[in-house]
Protein chains: 2
Amino acid sequence: MTDHQGISDLLQERGIQPSAQRVAIARHVLRTDGHPTADEVLAQVRRSFPMVSRATVYNTLKLFVAKGLLRTCQFEGGVTVYDANVGRHHHFIDAATGEIHDVPWEALDVRGAEELAGFQVDSWMVVMRGRRRDDPGA
Amino acid sequence: MTDHQGISDLLQERGIQPSAQRVAIARHVLRTDGHPTADEVLAQVRRSFPMVSRATVYNTLKLFVAKGLLRTCQFEGGVTVYDANVGRHHHFIDAATGEIHDVPWEALDVRGAEELAGFQVDSWMVVMRGRRRDDPGA
DNA sequence: GTGATAACCTAGACTTGGTCCAGACATGGA
DNA sequence: TCCATGTCTGGACCAAGTCTAGGTTATCAC
């Protein structure tokens, strides 16, 4: 799914014309389970595609979000990061490093969000902060 | 608690020298249950204190955060907003207006956050999105 | 192949949220 | 009063993100 042809097909499925730039951006942003910023994507893509412009990266990321391939998140520092995991999940933010980790939806049990008085709740997520435990036994 | 003397005392309790500017900023930012941005605070404070500078507002808000009088949040749009409610609570974001509403801690029941494998979770909150219901009967 | 059209990309100017800094001003002891 | 310290101002600066004009490329009818 991350080879050139596969990505090209995926973009076309979503109604996106698979230009060389878009495929290059998609390779970097859809293949990671990290949460890169637009500038990180730009830097990565430029290694294999030096002429790509900043505007193209921003436009393409926006397009991918509009087409449901990506979602954006804002946490610490006010920078927008992109998340290729578009299914329901929660987030854990490492207070020491700022790293963002996805937490599976089933790992937590949230009750009461749907029947909140005065609000029609369409979606929700839990945002946790703390430290990552680096005991390898876990 | 929002009159001049009370605010002055509150600042001093927290080890903050209560200058005229700081009291003016505190009056606007601690008396609201909204979630103003720094620029909104600046605009408000300037109505009663036209000479206040942007740097002072930013510095003062940072100081209040450091002293535990305020907390910051980042949601949509990547702007930092300030929240005078520093106790535990959740957030609801109105998808139509972008407004942020505080949701009481007890309104939701979250299980599993404390014993998350691989992470030491220090704090968490639920971020909900949807529409505000404007039925007055609720 | 050729030309028209639309889609796409680039570079750079611009906007906005936020920080930094030098100098001015206030305040509180000795 | 003088000095030291803390605070405030205005403006320069920076970084993330957007906008725009013009150039390239792809598509398609002829």
Side-chain angles (χ1 to χ4, degrees), chain A residues 7-8 11-12 14-29 35-67 69-83 98 100, chain B residues 7-8 11-12 14-29 35-67 69-83 98 100:
Chain A
I7 287 187
S8 191
L11 297 185
Q12 264 175 321
R14 301 289 179 124
I16 299 170
Q17 188 74 9
S19 71
Q21 288 89 337
R22 287 172 177 178
V23 171
I25 292 166
R27 283 166 73 107
H28 287 291
V29 84
H35 298 76
T37 66
D39 270 3
E40 283 164 9
V41 175
L42 175 61
Q44 279 246 325
V45 171
R46 274 196 173 154
R47 284 195 227 160
S48 55
F49 216 122
M51 291 307 292
V52 79
S53 86
R54 212 152 65 99
T56 298
V57 169
Y58 276 94
N59 288 338
T60 303
L61 291 172
K62 259 183 138 173
L63 179 66
F64 287 178
V65 170
K67 297 295 187 179
L69 286 170
L70 282 182
R71 71 157 66 155
T72 59
C73 318
Q74 268 102 17
F75 300 115
E76 331 283 271
V79 238
T80 299
V81 302
Y82 293 86
D83 190 348
I100 301 163
Chain B
I7 286 188
S8 191
L11 297 186
Q12 264 174 322
R14 302 289 179 125
I16 299 169
Q17 187 75 8
S19 71
Q21 287 89 340
R22 287 171 178 178
V23 172
I25 292 166
R27 284 166 71 106
H28 286 292
V29 84
H35 298 76
T37 65
D39 271 2
E40 282 163 9
V41 175
L42 175 62
Q44 279 246 325
V45 171
R46 275 197 172 152
R47 284 195 228 160
S48 55
F49 216 122
M51 292 307 289
V52 78
S53 86
R54 209 153 69 102
T56 298
V57 170
Y58 275 95
N59 288 338
T60 302
L61 291 172
K62 258 183 138 172
L63 179 66
F64 288 178
V65 170
K67 298 294 186 179
L69 287 170
L70 281 181
R71 72 157 65 154
T72 58
C73 320
Q74 268 102 17
F75 300 114
E76 332 283 88
V79 237
T80 299
V81 302
Y82 293 87
D83 190 347
I100 301 164

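Side-chain atoms are counted along with the backbone in the values below, which use heavy atoms only and exclude waters and symmetry mates. Per chain, numbering begins at 1; letters A, B, ... match sequence-line order.
- With rounding to the nearest 0.5 angstrom, the CD1 atom of A:I25 is 11.0 Å from the CD1 atom of A:I7.
- Rounded to whole Å, the distance from CE on A:M51 to P on D:dG23 is 15 Å.
- At the phosphate of C:dA7, neither OP1 nor OP2 sits under 4.0 Å from any side-chain N or O atom of A:Q17.
- When rounded to the nearest whole Å, the span between CG of B:D39 and P of C:dG18 equals 7 Å.
- If you check every strand for non-hydrogen atoms under 4.0 Å, A:T37 touches nothing.
- Note on B:S19: a side-chain N or O is less than 4.0 Å away from OP1 or OP2 of D:dC8.
- Distance B:L11 CG to D:dG6 C1': 15 Å, rounded to the nearest Å.
- Taking only distance into account, the side chain of B:R54 never meets the base of D:dG10 through a donor-acceptor pair shorter than 3.5 Å.
- If you take CD of B:Q21 and P of C:dT27, they are 10 Å apart, rounded to a whole angstrom.
- A side-chain hydrogen bond (donor to acceptor under 3.5 Å, both in side chains) with B:H28 holds for exactly one of B:R47, B:E40, B:Q44; it is B:Q44.
- With a 4.5 Å cut-off on side-chain heavy atoms, A:D39 and A:Y58 count as touching.
- Within the structure, every side-chain polar atom (N or O) of A:T80 is placed at least 4.0 Å from both OP1 and OP2 of D:dA16.
- Relative to the side chain of B:Y58, the nucleotides C:dC9, C:dT10, C:dG18 differ in distance, and C:dG18 lies closest.
- The main-chain N or O of A:Q17 is found under 3.5 Å from a side-chain atom of A:R22 such that the two form a donor-acceptor pair.
- Contact annotation: A:S53 side-chain N/O to C:dA11 OP1/OP2 distance is not under 4.0 Å.
- Both B:R22 and A:A55 lie near DNA chain D, and the one whose nearest nucleotide falls closer to the 5' end is B:R22.
- Note: CD (A:Q74) to C1' (C:dT16) measures 15 Å, nearest angstrom.
- In this structure the side chain of A:I16 reaches within 4.5 angstrom of the side chain of A:F64, judged on heavy atoms.
- Whole-Å rounding puts the B:N59 CG to C:dC21 C1' distance at 11 Å.
- In this structure, B:I25 atom CD1 and D:dT7 atom C1' are separated by 11 Å, rounded to whole Å.
- As a whole-Å value, the separation of B:L63 CG from D:dG6 C1' is 12 Å.
- Using a 4.0 Å cut-off, no side-chain N or O of B:K62 falls inside it from OP1 or OP2 of C:dG18.
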